[in-house]
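Here is the naming used below: chain letters follow the sequence lines, and residue numbers restart at 1 for every chain. The analysis underlying the following values was restricted to heavy atoms, covering all of them including side chains, and did not include hydrogens, waters or symmetry mates.
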Protein chains: 2
Amino acid sequence: MRARSAVRVGVIGGGQLARMMIPAAVELGVELRVFAEAEGMSAALAATHVGDYADAGQLLEFARGVDVVTFDHEHVPQDVLRTVVDAGIAVHPGPDALRYAQDKLRMRERLSELGLPVPDWAAVRTPGELDDFIAAHGGAAVVKTPRGGYDGKGVRVVRGAAEVAEWFATVAEGGGDGALLAEELVDFRRELAQQVARRPSGEIAVWPVVETVQRGGVCSEVIAPAPHSAGRLADVAAQIAVQIAEGLGVTGMLAVELFETTDDRLLVNELAMRPHNSGHWSMDGATTGQFEQHLRAVLDLPLGGTGSLEPWAVMVNVLGGPAEGTLEDRYAEAFAEHPTVKMHNYGKTPRPGRKVGHVTALGAELDDVVYEARAAAAVFQD
Amino acid sequence: MRARSAVRVGVIGGGQLARMMIPAAVELGVELRVFAEAEGMSAALAATHVGDYADAGQLLEFARGVDVVTFDHEHVPQDVLRTVVDAGIAVHPGPDALRYAQDKLRMRERLSELGLPVPDWAAVRTPGELDDFIAAHGGAAVVKTPRGGYDGKGVRVVRGAAEVAEWFATVAEGGGDGALLAEELVDFRRELAQQVARRPSGEIAVWPVVETVQRGGVCSEVIAPAPHSAGRLADVAAQIAVQIAEGLGVTGMLAVELFETTDDRLLVNELAMRPHNSGHWSMDGATTGQFEQHLRAVLDLPLGGTGSLEPWAVMVNVLGGPAEGTLEDRYAEAFAEHPTVKMHNYGKTPRPGRKVGHVTALGAELDDVVYEARAAAAVFQD
């Protein structure tokens with residue numbers, strides 16, 4: 001059952017990113033329709049279709065019911081996306097932009113063409129080529145499968161090609177042009193992320209650059225803004241992200257993950273063309289959160305302000321959740337001890353390592369805010 | 001289709017108050033189930049039942065599927081509520097509290113018993129009694145039907161009983177004990193509202209007192225906190241609301257509408273035992289908004305912080321909306337000119353005088369914030 005709405009946004013994928021678009025859609029009076037992969041997913045409340053997003057027929061049927069199609073993830077095949085675009089339906093980000101988020105080799109090629117700062121990289125087609133790259137880069141490399149990786153999957157630090165022998169076999173069979181991506185092992189001080197949103201008509205909104213802390217390849221904590229980032233660092237990060245958004249024709253949210261190197265450079269690590277874990281702080285900590293901004297952007301509406309509501313925001317992921325029971329079982333404790341922390345529960349069954357929620361704390365003193373957010377998140381972990 | 005949730009809250013009524021509980025429920029991982037009066041209502045996204053809330057059988061069936069029942073409005077008959085309570089289902093606020101919100105005569109009696117400051121009042125059973133009351137109160141009175149009024153309906157300022165002759169006929173037939181409520185016409189400087197939330201187990205959370213501006217009996221604007229309220233005024237307003245919440249056994253949100261008299265007293269005007277228009281600012285302007293707090297309170301979970309995020313918040317209702325088209329048609333203009341204003345669209349068809357949305361602006365300078373909120377709301381009106 002649906003209320004009247006003049007505006008419909010379709011989201012491919014029923015995960016927590018689609019879920020977190022629901023509150024923004026409700027407030028804006030936008031009808032959100034989710035194409036979910038299965039029943040009972042995180043965004044089930046807004047799911048109108050359950051099916052296979054790789055099936056062009058199913059996706060087209062879904063897309064015909066909305067004004068614009070956008071995404072919870074980057075996995076929809078290019079040919080399926082093009083079928084939707086060819087039917088005259090708006091898709092944001094469009095397939096031309098999205099292929100750079102889908103294929104890390106193309107992304108590296110394109111960013112290099114645009115003159116953006118990236119780690120040394122090469123497309124390696126054979127173990128021999130990889131061993132040569134390793135030898136030329138201090139005896140180690142980061143190897144990535146160009147497609148399908150996320151949260152650290154499909155990424156490995158190696159000292160010899162033999163460690164990823166099976167990956168060569170896999171890419172030779174299928175995806176991309178049969179190559180793996182090899183990158184130098186960057187000597188970095190910390191990781192940062194820069195969120196921007198871009199409308200089809202060109203307007204761009206920029207949030208403060210944030211510091212991200214990864215654990216086991218998964219984002220565990222975000223500090224907004226990144227400490228000691230005011231001035232040059234913030235400017236350069238913003239410039240890089242704006243250049244990528246424009247150069248790649250990104251529409252909607254763009255997250256640029258960056259390395260801050262020990263010699264004070266910023267290098268582009270990964271891109272996500274959708275709301276991203278590193279931007280969750282903005283839901284509570286900025287005038288406009290990334291989920292609202294994503295809806296505005298894909299609808300080509302003027303973007304909202306990106307200022308911070310408090311000097312500091314710290315987001316901590318709830319990874320895994322309690323060994324037994326649910327997050328809700330811990331609410332009495334968490335809420336009593338941390339009355340100012342904002343809870344976000346993805347409605348997923350707790351399972352080791354799974355992102356099941358996050359918390360955000362705001363405040364004027366960074367140490368207090370970090371403590372508060374970590375302590376609140378810890379209540380949900382065993 | 002629903003995601004897994006261990007916690008289910010049922011809401012009677014499908015209006016915009018139920019709708020604005022949806023974002024809070026999504027973030028908390030609470031499954032919200034709405035019992036709507038009709039298809040396509042404001043809260044349709046969460047509607048699981050459409051029916052008649054005055055039908056005990058229908059309501060009981062709905063209530064059996066949730067952990068706690070709460071409300072979008074105060075119109076559910078007492079006998080229906082008692083059927084649900086007798087079935088062992090939690091109802092917050094419960095019928096014992098709710099009857100004071102349902103019947104203004106009982107409310108006045110009870111507040112007077114508790115020693116709370118109220119305007120002079122009397123239950124008038126005949127035109128003669130009303131004329132006596134008017135004569136004793138400077139030649140005028142406010143007359144209210146004890147039941148069923150809202151947004152200025154069922155409230156009239158009169159100088160003679162003849163002006164409400166038909167009301168005497170109506171109450172004699174039906175509701176209450178056959179009396180109307182007569183109140184002195186209070187000489188007030190301004191109207192205020194005090195929001196508090198109370199858990200069944202007793203904890204109470206108090207927001208800053210706000211100033212409300214009414215137009216034609218309908219709330220049009222709210223300033224939070226009320227200007228010049230720091231100190232005694234804020235303390236007294238909070239004390240009154242806490243005393244009412246405890247004295248009447250209110251659970252969930254309570255809004256106390258107050259007159260600030262020209263001789264510096266606070267008098268209780270009306271009560272609402274649910275989220276209320278005068279508390280909408282808290283969604284964007286406070287650590288915990290009233291809809292999230294209401295869910296916490298009715299679930300008997302520890303309450304969230306009620307501090308303000310910026311020195312001032314100003315909420316302006318969108319009443320009626322554009323003469324033609326929808327609110328969404330004005331988004332390009334509103335968002336471009338007011339990028340920091342938060343939009344809340346209730347998904348209702350615009351109609352003269354109808355509450356179809358509201359906007360909230362935050363900031364450090366009250367004049368700027370008022371201007372910003374009024375100007376943004378004005379974009380949606382002809």
Side-chain angles (χ1 to χ4, degrees), chain A residues 1-7 19-20 22-24 26-32 36 39-47 50 205 283 287-288 296 299-305 307 309-310 325-329 331-337 339-349 357 362, chain B residues 1-7 19-20 22-24 26-32 36 39-47 50 205 283 287-288 296 299-305 307 309-310 325-329 331-337 339-349 357 362:
Chain A
M1 196 179 354
R2 305 269 149 171
R4 177 205 65 74
S5 177
V7 183
R19 179 191 181 94
M20 288 187 271
I22 299 173
V26 167
E27 297 306 350
L28 292 180
V30 166
E31 182 180 332
L32 201 74
E39 302 281 344
M41 287 186 72
S42 197
L45 178 62
V50 172
M283 303 171 79
T287 295
T288 309
R296 288 182 182 229
L299 288 165
D300 204 12
L301 287 168
L303 302 175
L309 296 170
E310 297 277 349
T326 68
L327 296 186
E328 300 87 85
D329 297 340
Y331 276 5
E333 183 184 348
F335 292 0
E337 291 175 12
T340 62
V341 169
K342 303 312 294 178
M343 178 71 203
H344 300 266
N345 179 333
Y346 305 158
K348 293 157 75 173
T349 306
L362 305 180
Chain B
M1 194 179 355
R2 304 269 149 173
R4 177 207 63 76
S5 176
V7 183
R19 178 190 181 95
M20 289 186 270
I22 299 173
V26 167
E27 297 306 348
L28 291 179
V30 166
E31 183 180 332
L32 201 73
E39 302 280 344
M41 287 186 72
S42 198
L45 178 63
V50 172
M283 301 170 80
T287 294
T288 309
R296 289 181 182 229
L299 288 165
D300 205 12
L301 287 168
L303 301 176
L309 296 171
E310 297 278 347
T326 68
L327 297 185
E328 301 86 85
D329 296 338
Y331 276 5
E333 182 184 348
F335 292 180
E337 291 176 11
T340 62
V341 169
K342 303 312 294 178
M343 178 72 203
H344 300 267
N345 179 335
Y346 304 159
K348 292 157 75 173
T349 306
L362 306 180

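Residues that satisfy the side-chain contact (heavy atoms from CB on, under 4.5 Å) test with A:Asp329, not counting sequence neighbours, are A:Thr326. Taking A:Glu310 as the reference, nothing meets the side-chain hydrogen bond (donor to acceptor under 3.5 Å, both in side chains) condition, with sequence neighbours excluded.
A pairwise comparison of heavy atoms in B:Pro302 and A:Ala332 identifies CG-O, 3.2 Å as the closest pair. Pairing each heavy atom of B:Pro23 with each of A:Pro23, the nearest pair is CB-CB, 3.6 Å. Smallest separation of non-hydrogen atoms from A:Arg19 and B:Gly29: NH2-CA, 3.5 Å.
Ranking B:Glu337, B:Met343, B:Met20, B:Arg296 against chain A, the residue ahead of the rest is B:Arg296, based on heavy-atom pairs under 4.5 Å.
Screening B:Leu303, B:Leu28, B:Thr288, B:Leu299 for a side chain to side chain contact (heavy atoms under 4.5 Å, CB included) with A:Phe335, the sole residue that qualifies is B:Leu28. A side chain to side chain contact (heavy atoms under 4.5 Å, CB included) with A:Thr287 is found for exactly one of B:Val341, B:Leu362, B:Thr340, B:Leu309, namely B:Thr340.
When heavy atoms are compared at a cutoff of 4.5 Å, B:Ile22 approaches chain A solely by way of its side chain, counted from C-beta outward.
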